Every structure is written in structure tokens, then in C-alpha cells.
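See structure below.
This one's a predicted model, so the numbers in the text were calculated from it and none came from an experiment. Just follow the structure's listing: the first ligand is 1, and inside any ligand the first atom is 1.
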Amino acid sequence: MLKVEPIPAFQDNYIWAIHDGESAAVVDPGEAQPVERFLAQRGLALGAIVITHHHGDHQGGVADLLERHPAGPDGTPIPVIGPAGERIGHRTQAVREGDTVTLAHPAATFRVLDVPGHTAGHVAYVGDLPGAGRVVFCGDTLFASGCGRLFEGSPAQMLASLDKLAALPGDTRVYCAHEYTRSNVRFAQAVEPGNADLSAWSARVDALRQAETPTVPTTVAHERAVNPFLRSREPAVRRAVQAQGGDVSNDAAAFGALRGWKDNFR
Ligand code: ZN
Ligand code: FE
């Protein structure tokens, strides 16, 4: 049986640990020290490193982790899995959409989706894990109630990437890489003040953050209900974007205008 647990890093990053009580795979270790502390606290061996995209806050800890762990539980070097289209230091397996990732320690299988937009080669890892159910590790593409900034991709690319994630089964848990939910919800409420699911979620987010509890993972079904970036074709969202002076003449333009609104939202 597998468990997925957050390892908080930097100000608001989550490094995700997938473990079976003996060995752990870590997703997007931007720094090594919190990972080391987590492994030591739980008596876990490091078994694999999985990267969604090239940004430093997602791969900056890889070198230190490999130095501390020259071999995994089976005595061979620890695999470092990352997107084929990006520069990932120490990568041993380059993956793209359609590929299957099979981890040995812990035993887990993922299929890879290309989700460009935040970065050009960003990938997501989709799995159905014994004990943890359906999961997606989506880095900085889809956030709880938000999405990543378009640093290297077009609105059309990001919209297509988010459409892929939104099409996953509704009970898929969304493991994103940042705790941005509170500010994302503030923006979402400016876009859709009449969304009752969103109002209820906003109250829940306030309570969770008050208690310093992570708001993630959420689920795909939940994101479809509250996340404006998965709802950019909804009439209410279109009207709000248009009221801001945004171009809503086609799906990509409307999505781009929505993302631009968020970029400038205070
Ligand atoms: Zn990033
Ligand atoms: Fe990030």
C-alpha cells in the first residue's frame, strides 16, 4: 500500500513523497534538506526522483540528494525521471506523453502526459496507486483553484494541457507543487462571485490555512467546479473576462485574457 505525503519546502512549495513505509519516491525536490529530514523521521530509503519541469524550485535538490544517496535500496543508482524536452540535471530517464514510468522502490506505475504552457516541456504523471487511488502529479500546470503562469507557452497550449487534466476521472487527486490556494481563490471569486461551490471552498480554505493544513490535494471534479482556468468556457466566466475588456472571440483568447487578468490581480 502506498501513501502520498507533502514535504513543505521553501515558502510555499510541496515536494510530494510516495512511499510504502520502506522506500520513497520524491516528486520535484527543489531542495534536499526537507527531504532528508522527512526520510530520516520515517526511516525511509530514497528510491526514485521524479521531475515535472526544469525550474530550480522543482529540481534544485537533485544533486544533493544523489550525493547523499549514491545508491537506492537495491544497490543501483537512484533513477531520476524527467521531461524529455527540458534540461534536467542528472536525469536517467527522459519521458514524454505516452510513456510509462515504472518505479521499483516503491513499486508504482505512472503514465506521462505532456502539459506544456508553464514551461515548454512540462509533463504530468498519472497513476492509480494501491492504497492512494487515482493521482496526478502536475507540478506548476494545474494548481488548486488556479494554474501556472505562462512562462514558455501560449494560452492555446496551456488551455489544451488543462483540458487534458480536466478530462481525467473526477476522483483523481491533484497533487500540485505549490500552496497558492488562498490567493487563487480570491481571484476565482472575483471572476465567479456567484459560484456557490467556490464560496463554500473559500471558507474551507481559510479554515485549513488558519490551522496551517495543506489545501492540496484536491480532486479533478472539485477543480472542474471551482477553478476558473478549467471553466474559461463557462458563460459566467466569459462575461467576467469580457467585462474586464478581454478578447473572448475564441477559447484560447478568452483563456489568455483570463490568465492575463490574474497576472495583474492584487
Ligand atoms: Zn515552475
Ligand atoms: Fe514552482
Side-chain angles (χ1 to χ4, degrees), residues 4-18 25-35 38 49-65 80-91 94-97 110 112-126 135-155 157-162 164-165 173-187 205 209 214-218 223 227 229-230 255-256 258-260 262-265:
V4 183
E5 293 190 77
I7 305 173
F10 304 113
Q11 282 303 303
D12 51 29
N13 283 64
Y14 291 127
I15 299 165
W16 292 104
I18 305 154
V26 292
V27 182
D28 286 351
E31 55 179 347
Q33 194 210 349
V35 175
F38 177 88
I49 296 172
V50 180
I51 307 290
T52 63
H53 69 291
H54 69 82
H55 286 157
D57 63 316
H58 298 254
Q59 65 159 330
V62 173
D64 283 352
L65 286 172
V80 179
I81 294 123
E86 302 198 340
R87 192 187 295 269
I88 305 294
H90 307 278
R91 183 181 57 206
V95 297
R96 53 168 56 87
E97 179 144 330
F110 299 96
V112 179
L113 294 179
D114 286 332
V115 287
H118 177 67
T119 63
H122 200 304
V123 296
Y125 299 88
V126 179
V135 299
V136 60
F137 296 93
C138 51
D140 289 355
T141 300
L142 174 62
F143 290 128
S145 312
C147 78
R149 281 179 189 263
L150 304 187
F151 287 124
E152 299 175 10
S154 67
Q157 276 181 321
M158 186 58 136
L159 179 60
S161 296
L162 293 176
K164 273 187 213 177
L165 297 172
R173 287 191 180 83
V174 176
Y175 291 95
C176 58
H178 289 272
E179 180 63 59
Y180 289 160
T181 314
R182 200 165 8 196
S183 63
N184 286 343
V185 165
R186 269 210 319 121
F187 175 71
V205 167
R209 295 313 295 152
T215 61
V216 288
T218 62
E223 294 310 317
N227 190 326
F229 296 98
L230 299 190
F255 178 84
L258 180 66
R259 184 58 254 188
K262 171 75 162 69
D263 289 343
N264 299 306
F265 186 77

**Request:** Walk me through it: do Y125 and V50 pass the test side-chain contact (heavy atoms from CB on, under 4.5 Å)?
**Result:** CA-CA 9 Å; Y125 299 88; V50 180; 3.4 Å; yes

**Item:** Residue pair F110, V123: steps toward the side-chain contact (heavy atoms from CB on, under 4.5 Å) verdict
**Value:** CA-CA 12 Å; F110 299 96; V123 296; over 6 Å; no

**Request:** Let me see the working for L142 and L162 under side-chain contact (heavy atoms from CB on, under 4.5 Å), right down to the final yes or no.
**Result:** CA-CA 7 Å; L142 174 62; L162 293 176; 3.9 Å; yes

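Applying the salt bridge (Lys or Arg N to Asp or Glu O under 4.0 Å) test to E5 and every residue at least two apart in sequence or in another chain returns R42. Here K164 pairs with E97 under the salt bridge (Lys or Arg N to Asp or Glu O under 4.0 Å) rule; sequence neighbours left out.
Side-chain atoms of E152 and H54 form a donor-acceptor pair, as typed in the model, at a separation below 3.5 Å.
Each of H58, H53, E86 was compared with T119 under the side-chain hydrogen bond (donor to acceptor under 3.5 Å, both in side chains) criterion, and only E86 meets it. Partner of N13 under the side-chain hydrogen bond (donor to acceptor under 3.5 Å, both in side chains) criterion, out of D28, D140, D57: D57 alone.
Looking only at protein N/O/S atoms, the ones less than 2.8 Å from the Fe ion (ligand 2) make 4 in total. Excluding waters, the count of protein N/O/S atoms less than 2.8 Å from the Zn ion (ligand 1) comes to 4.
Within the 3.5 Å criterion, the main-chain N or O of Q33 finds no donor-acceptor partner in the side chain of D64.
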